2 protein chains.
Amino acid sequence: MAAAPPLPPLPPAENLSLAEGAYRRLRDAIVRGELPAGTKISERGLAPKLGISAQPVREALRRLEADGMVLTQPRSGTMVAEFGPARLAEMGRIRMALEGSAAALAAERADAALLAALEAQLTRMRAATAAEDTQTLAEANEHFHALIHHAAGNAFLLRSLTALRGYDHVNRLRALESTPKELPKALAEHEALARAIRQQNPELAEERMRAHVLRSLRAGGLLQQDKK
Amino acid sequence: MAAAPPLPPLPPAENLSLAEGAYRRLRDAIVRGELPAGTKISERGLAPKLGISAQPVREALRRLEADGMVLTQPRSGTMVAEFGPARLAEMGRIRMALEGSAAALAAERADAALLAALEAQLTRMRAATAAEDTQTLAEANEHFHALIHHAAGNAFLLRSLTALRGYDHVNRLRALESTPKELPKALAEHEALARAIRQQNPELAEERMRAHVLRSLRAGGLLQQDKK
DNA sequence: CATGGACAACTGCTATAGCAGATGGCATGC
DNA sequence: GCATGCCATCTGCTATAGCAGTTGTCCATG
């Protein structure tokens with residue numbers, strides 16, 4: 001068994017089945033607004049546009065329905081759901097809850113490898129924060145959270161969090177770039193969170209993660225300030 | 001438009017497509033232990049046993065995979081995942097988080113119909129608690145939570161909570177029956193929760209729901225007492 | 001002109017056939 | 001005897017065809 005690479009593989013390789021590819025393409029198209037809310041879509045209609053059969057398209061649509069991105073009534077048709085600011089706020093709330101659970105579970109089963117990987121990302125973050133390198137910071141942030149998601153070791157949780165990622169990957173960048181003065185706060189929160197995980201304190205880790213995501217959402221303008 | 005029935009239809013009718021039916025049957029079979037962990041299952045193998053084609057079976061297996069109940073690696077095979085007490089505890093944690101989110105969202109958009117429906121279930125609960133009628137109590141409890149899930153108005157959240165229900169529908173009964181002295185506590189929590197929803201306080205509703213689910217999990221022996 | 005009903009064109013859903021990749025046993029060579 | 005490579009078999013995955021509902025349009029009728 002050879003030594004692990006410096007950056008442990010999160011999902012080491014992409015399988016890219018046709019259904020998976022269709023799912024991602026459609027998801028991105030919806031998020032980017034290329035398929036506006038209310039657009040009628042159908043398995044047969046999308047199949048030739050994606051260059052595949054109708055069957056994988058159907059599978060992709062079922063997943064998108066589970067994610068809440070499309071609405072389909074049984075024998076009639078499928079349309080992309082509308083998610084305005086209100087819905088994005090809802091998804092943000094849910095993400096806060098699930099990220100908190102992931103942090104708690106990760107704290108329970110934290111091992112040396114996880115702690116080292118988290119520390120590596122923190123090091124990147126410290127440098128990027130000092131340099132206000134938002135690009136690198138966004139990447140490190142993604143890795144940091146992804147590490148926790150995987151460390152939680154729960155398939156359902158991982159799947160759910162991955163689905164939620166589609167909703168705010170745009171707003172995440174905006175949140176980081178629009179308010180550079182928030183960057184030190186985020187860094188401090190990440191460090192405090194890593195500490196809670198290191199001392200294997202699930203409740204503390206959950207609470208800190210929730211606070212971190214909540215502030216992040218507020219910085220992105222997705223949640224009101226009247227929450228306490 | 002006729003007047004609504006006294007118990008507003010949660011899911012008014014069951015569509016029961018073949019894929020949906022296969023999903024439920026397989027899910028129940030796994031939960032009941034008829035398909036022990038590690039059992040190898042395949043689309044083609046299950047199709048004749050369910051009396052349907054392999055295609056709906058596949059769809060059901062994909063959903064079960066999303067729920068974390070089966071593990072499938074791409075070209076090799078599918079097996080039912082093992083969920084011992086540790087995994088059930090994880091799912092309990094996640095359920096606590098998602099139930100909290102649902103309560104918060106339900107509090108945000110609470111209307112007269114919801115409050116009336118919740119009050120109706122509370123009335124049932126009060127009587128059932130006094131009579132220690134655990135059967136009726138379990139039903140009212142299910143309805144109460146289902147009302148909140150639907151009132152949250154979020155497809156993704158509803159789907160996730162429905163998936164989680166499969167994990168603890170056994171332990172839920174046990175929790176209620178094994179500790180009758182806990183019943184008044186649960187009733188008081190439900191009433192306090194309804195109050196928070198009535199005054200449209202999302203944070204309070206979320207916190208109370210989390211506490212309620214947490215105590216319920218502990219009563220069922222799914223979580224340790226060292227949590228605070 | 002308004003209205004109802006049948007028909008054509010959709011839709012999601014299911015069945016069947018066949019694909020490529022993975023698995024395990026068995027024969028072959030060392 | 002042990003390792004090695006081949007091949008039958010089984011797997012998930014995809015393509016195609018056809019089913020049964022739904023919907024909208026157009027013509028016939030009051």
Side-chain angles (χ1 to χ4, degrees), chain A residues 11-27 29-30 35-82 155 158-159, chain B residues 11-27 29-30 35-82 155 158-159:
Chain A
E14 314 203 52
N15 277 341
L16 92 150
S17 72
L18 293 188
E20 178 73 18
Y23 167 71
R24 299 190 186 181
R25 284 188 59 179
L26 289 177
R27 178 165 61 83
I30 293 177
L35 292 177
T39 304
K40 285 273 190 182
I41 54 183
S42 71
E43 309 168 356
R44 281 177 175 77
L46 258 51
K49 297 183 181 178
L50 297 175
I52 61 179
S53 171
Q55 201 60 42
V57 176
R58 168 180 172 80
E59 207 157 307
L61 289 182
R62 300 292 269 182
R63 282 186 59 182
L64 288 174
E65 186 186 17
D67 294 353
M69 287 202 173
V70 304
L71 251 303
T72 161
Q73 47 192 23
R75 297 276 179 172
S76 168
T78 302
M79 64 191 326
V80 325
E82 51 180 341
L158 181 59
R159 175 91 164 203
Chain B
E14 315 203 52
N15 277 340
L16 90 152
S17 72
L18 293 189
E20 178 74 18
Y23 167 72
R24 299 190 185 181
R25 285 188 59 178
L26 290 176
R27 178 165 60 82
I30 292 177
L35 292 177
T39 305
K40 285 271 189 182
I41 53 183
S42 71
E43 308 169 356
R44 281 178 175 78
L46 259 52
K49 297 183 181 179
L50 297 175
I52 60 179
S53 171
Q55 201 61 42
V57 175
R58 167 180 172 80
E59 207 157 307
L61 289 181
R62 299 294 268 181
R63 283 186 59 181
L64 287 173
E65 185 185 18
D67 295 353
M69 287 201 173
V70 304
L71 251 304
T72 161
Q73 47 192 21
R75 297 278 180 173
S76 168
T78 303
M79 64 192 324
V80 326
E82 52 180 341
L158 180 59
R159 175 92 165 203

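Source: prediction; values computed, not measured. Just so it is clear: chains get the letters A, B, ... in the order the sequence lines come, proteins before strands, and each one is counted from 1. Computation of the quantities below employed the complete heavy-atom set of this structure, encompassing side-chain atoms and omitting hydrogens, waters and symmetry-equivalent molecules.
Distance CD (B:E43) to P (D:dC13): 7 Å, rounded to an integer number of Å. For B:I41 and D:dC10, the CD1 to C1' distance is 15 Å, given to the nearest whole Å. Going from atom CD1 of B:I52 over to atom P of C:dA15 covers 6 Å, rounded to whole Å. Summarising the geometry, the separation between CD on A:Q55 and P on D:dT16 is reported as 12 Å, rounded to the nearest angstrom. Atom CG in A:L16 sits roughly 13 Å away from atom P in D:dC13 (whole-Å rounding).
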Can A:I30 and A:V70 be said to form a side chain to side chain contact (heavy atoms under 4.5 Å, CB included), step by step? CA-CA 9 Å; A:I30 293 177; A:V70 304; 3.9 Å; yes
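For DNA chain C, the residues of residues 57-67 of chain A within the heavy-atom distance limit of 4.0 Å (strictly under) are A:R58, A:R62, sorted by number.
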Distances under 3.5 Å between protein N/O atoms and the N/O atoms of nucleotides 19-25 of chain D, please, pair by pair.
none

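Between A:R58 and B:E59 a salt bridge is recorded (basic side-chain N to carboxylate O distance below 4.0 Å).
When the options B:L64, B:V57, B:L46 are evaluated for a side-chain contact (heavy atoms from CB on, under 4.5 Å) with B:I41, the one that passes is B:L46.
Between C:dT11 and A:S42, a contact under 4.0 Å exists linking OP1 or OP2 to a side-chain N or O.
Between C:dT14, D:dT14, C:dG12, one nucleotide has an atom nearer to the side chain of B:L18 than all others, and that is C:dT14. Distance from the side chain of A:S17 is smallest to D:dC13 among D:dC13, C:dC13, C:dA15. Taking the side chain of A:T78 as heavy atoms from C-beta on, and the options C:dG12, D:dA15, C:dA15, the nearest nucleotide is C:dG12.
Considering only residues two or more places apart in sequence or on other chains, B:E20 meets the side chain to side chain donor-acceptor pair (under 3.5 Å) condition with B:R24, B:R63.
Between B:K40 atom NZ and B:L35 atom CG the span is 14.5 Å, to the nearest 0.5 Å.
A distance-only check finds a donor-acceptor pair linking the side chain of B:T39 to the backbone of B:P36 [under 3.5 Å].
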